[in-house]
Amino acid sequence: MNIIEDINRLRKEKNAVILAHYYTNPEIQDIADFLGDSLALSQYAQQTRAKMIVFAGVYFMAETAKILNSEKTVLIPDPASGCSLADSCKAEDFVRFKQQYSDYKVVTYINCSAAIKTMSDIVCTSSNAVKIVESFPKNEKIIFAPDKNLGNYINNLTARNMLLWDGSCHVHDALKAETVIKLKAQNPEAKLIAHPECQQVILQFADFIGSTTHLLNYTQKSEAKTFIVATETGILHQMQALSPHKKFIIAESEDFCECNDCKYMKLNTLEKIKDCLLYGKNEVNLDPDTIEKAKKPIIKMLELS
Ligand code: 13P
Ligand code: SF4
């Protein structure tokens with residue numbers, strides 16, 4: 001209790017807001033000023049009047065908040081909270097790749113570094129990816145990076161043939177078709193819902209595919225009573241809170257492996273949030289040139305969203 005009182009006092013004193021992604025631990029979701037998926041978090045970061053943003057998520061999300069608010073102090077509870085998907089696309093490799101396809105437009109999933117964003121024509125999130133890609137003419141040549149699973153999903157939905165960077169998320173990519181087949185057989189009445197970072201072998205069985213916010217909305221509106229959830233475990237906290245009488249079964253890649261926990265998101269703790277506020281620890285800084293170049297494709301996305 002004391003730590004929550006300290007956080008509440010400090011956020012007032014410092015004129016700070018705490019932003020949290022749905023994949024963080026429940027106790028962090030419960031104290032956040034704003035909780036959302038990556039699109040909603042960037043929209044909130046663009047609009048907040050607070051002087052300081054404490055971003056309980058992963059590094060690329062805090063970086064995006066800094067890009068949108070270069071005059072504000074952006075702090076991250078644990079600077080080691082990276083993202084395996086963002087890490088699968090290194091700037092030096094992407095530069096070389098892009099050079100081979102100079103007549104291609106570049107659409108990047110927000111799960112990438114600021115350096116990759118500077119090389120992009122537009123950014124997207126899983127909430128708006130289809131809309132963003134569809135904003136290009138049908139015959140436009142497009143590179144989509146870094147998530148090959150999301151890219152493949154959009155290619156199928158939009159009948160396009162975007163060139164896909166070979167990246168993926170260690171949590172979603174590990175889910176196996178046998179797991180969801182088994183869970184569906186054990187719970188025939190359940191709806192299978194999946195994040196588009198999962199492989200096509202999972203998505204083909206899904207009753208609904210969407211970003212974390214879209215999955216959450218679906219569980220609220222659906223008349224089904226049971227859901228098999230193929231994404232990170234953190235989202236279950238809100239699903240259960242908003243639909244207390246429904247049952248949610250996480251599709252783990254192996255029995256009781258906890259491998260659906262994003263180890264980076266789970267690095268966020270209340271203690272670290274308090275330390276950020278108290279000592280101004282772990283400030284996210286980017287050089288002005290990177291901010292200027294990375295901002296353009298993010299703003300383009302926000303204008304289209
Ligand atoms: P959302 O866009 O659904 O928030 O997804 C972010 C993410 O990191 C999924 O792994
Ligand atoms: Fe990155 Fe995967 Fe974690 Fe999402 S779940 S933040 S894509 S490592």
Side-chain angles (χ1 to χ4, degrees), residues 19-25 28-29 32 34-45 55-65 76-89 107-113 116 123-133 144-151 153-154 165-175 193-199 202-203 206 208-219 229-239 250-253 257-268 298 301-302 305:
L19 272 55
H21 189 271
Y22 287 124
Y23 292 168
T24 53
N25 284 317
I28 292 175
Q29 298 188 31
F34 185 78
L35 177 66
D37 70 355
S38 45
L39 176 63
L41 288 164
S42 349
Q43 287 167 329
Y44 187 91
F55 210 119
V58 289
Y59 207 85
F60 75 82
M61 295 179 177
E63 249 184 8
T64 305
I76 182 152
D78 191 322
S81 46
C83 166
S84 53
L85 177 53
D87 289 347
S88 69
C89 190
V107 179
T108 50
Y109 188 32
I110 198 163
N111 296 42
C112 65
S113 67
I116 298 292
V123 167
C124 71
T125 75
S126 53
S127 284
N128 61 20
V130 172
K131 192 174 182 183
I132 298 291
V133 170
F144 186 87
D147 192 17
K148 62 180 173 189
N149 294 331
L150 176 63
Y153 169 68
I154 303 167
W165 181 263
D166 188 15
S168 60
C169 153
H170 74 293
V171 176
H172 293 87
D173 201 50
L175 292 177
I193 59 174
H195 195 282
E197 287 177 22
C198 295
Q199 293 185 34
I202 306 287
L203 299 182
F208 183 77
I209 299 165
S211 71
T212 42
T213 297
H214 291 165
L215 296 179
L216 185 59
N217 293 345
Y218 178 81
T219 58
V229 184
T231 188
E232 212 273 353
T233 47
I235 189 66
L236 261 61
H237 180 57
Q238 289 307 312
M239 286 180 175
I250 195 84
E252 290 189 323
S253 34
C257 66
E258 291 184 0
C259 23
N260 289 45
D261 282 352
C262 172
K263 59 184 177 183
Y264 305 109
M265 287 282 185
K266 303 310 191 226
L267 286 175
N268 291 285
I298 302 173
M301 167 191 79
L302 292 172
S305 299

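Note that ligands are numbered from 1 as they come in the structure, with each ligand's atoms numbered from 1 the same way. Quick note: numbers below take in every heavy atom, side chains included, and nothing from hydrogens, waters or symmetry partners. The first residue in the sequence is number 1, and the count goes up from there.
- Counting protein heavy atoms only, atom 9 (C) of ligand 1 is closest to E197 OE2, 3.0 Å.
- Residue E197 has at least one heavy-atom neighbour below 4.0 Å for each of these atoms of ligand 2: 7 (S).
- Across all their heavy atoms, L39 and S127 have their closest contact at CD2-CB, 3.8 Å.
- Under 3.5 Å, the side chains of H195 and T231 contain no donor-acceptor pair of N or O atoms.
- Looking only at protein heavy atoms, the nearest one to atom 8 (O) of ligand 1 is N111 ND2, 3.0 Å.
- For ligand 2, the atoms closer than 4.0 angstrom to any heavy atom of S84 are 8 (S).
- At under 3.5 Å, a nitrogen or oxygen of S126, whether backbone or side chain, sits near a nitrogen or oxygen of ligand 1.
- Distance from atom 5 (O) of ligand 1 to its nearest protein heavy atom, with residue and atom name: H195 NE2, 3.3 Å.
- Within ligand 2, the atoms closer than 4.0 Å to a non-hydrogen atom of H170 are 8 (S), numbered from 1 in the order shown.
- Scanning all protein heavy atoms for the shortest distance to atom 2 (O) of ligand 1 gives S38 OG, 2.6 Å.
- Given atom 4 (O) of ligand 1, the protein heavy atom at minimum distance is H21 NE2, 2.7 Å.
- Proximity of Y22 to ligand 1 is not established, as no heavy-atom distance is less than 4.0 Å.
- For the pair E232 and ligand 1, no heavy-atom separation below 4.0 Å is found.
- Contact atoms of ligand 1 toward T212: 1 (P), 3 (O), 4 (O) (distance under 4.0 Å to a heavy atom of the residue).
- Judged by the shortest distance from any of its heavy atoms, H214 lies outside the 4.0 Å radius around the atoms of ligand 1.
- Atom 3 (Fe) of ligand 2 has an N, O or S atom of C262 under 2.8 Å away, backbone or side chain.
- Close approach of ligand 2 to C169 is summarised as follows: ligand atoms under 4.0 Å from at least one heavy atom of the residue are 2 (Fe), 5 (S), 7 (S).
- Nearest to atom 1 (Fe) of ligand 2 among the protein's heavy atoms is C83 SG, 2.4 Å.
- Note: Y264 and H21 fail the aromatic proximity criterion, with ring centroids not under 6.0 Å apart.
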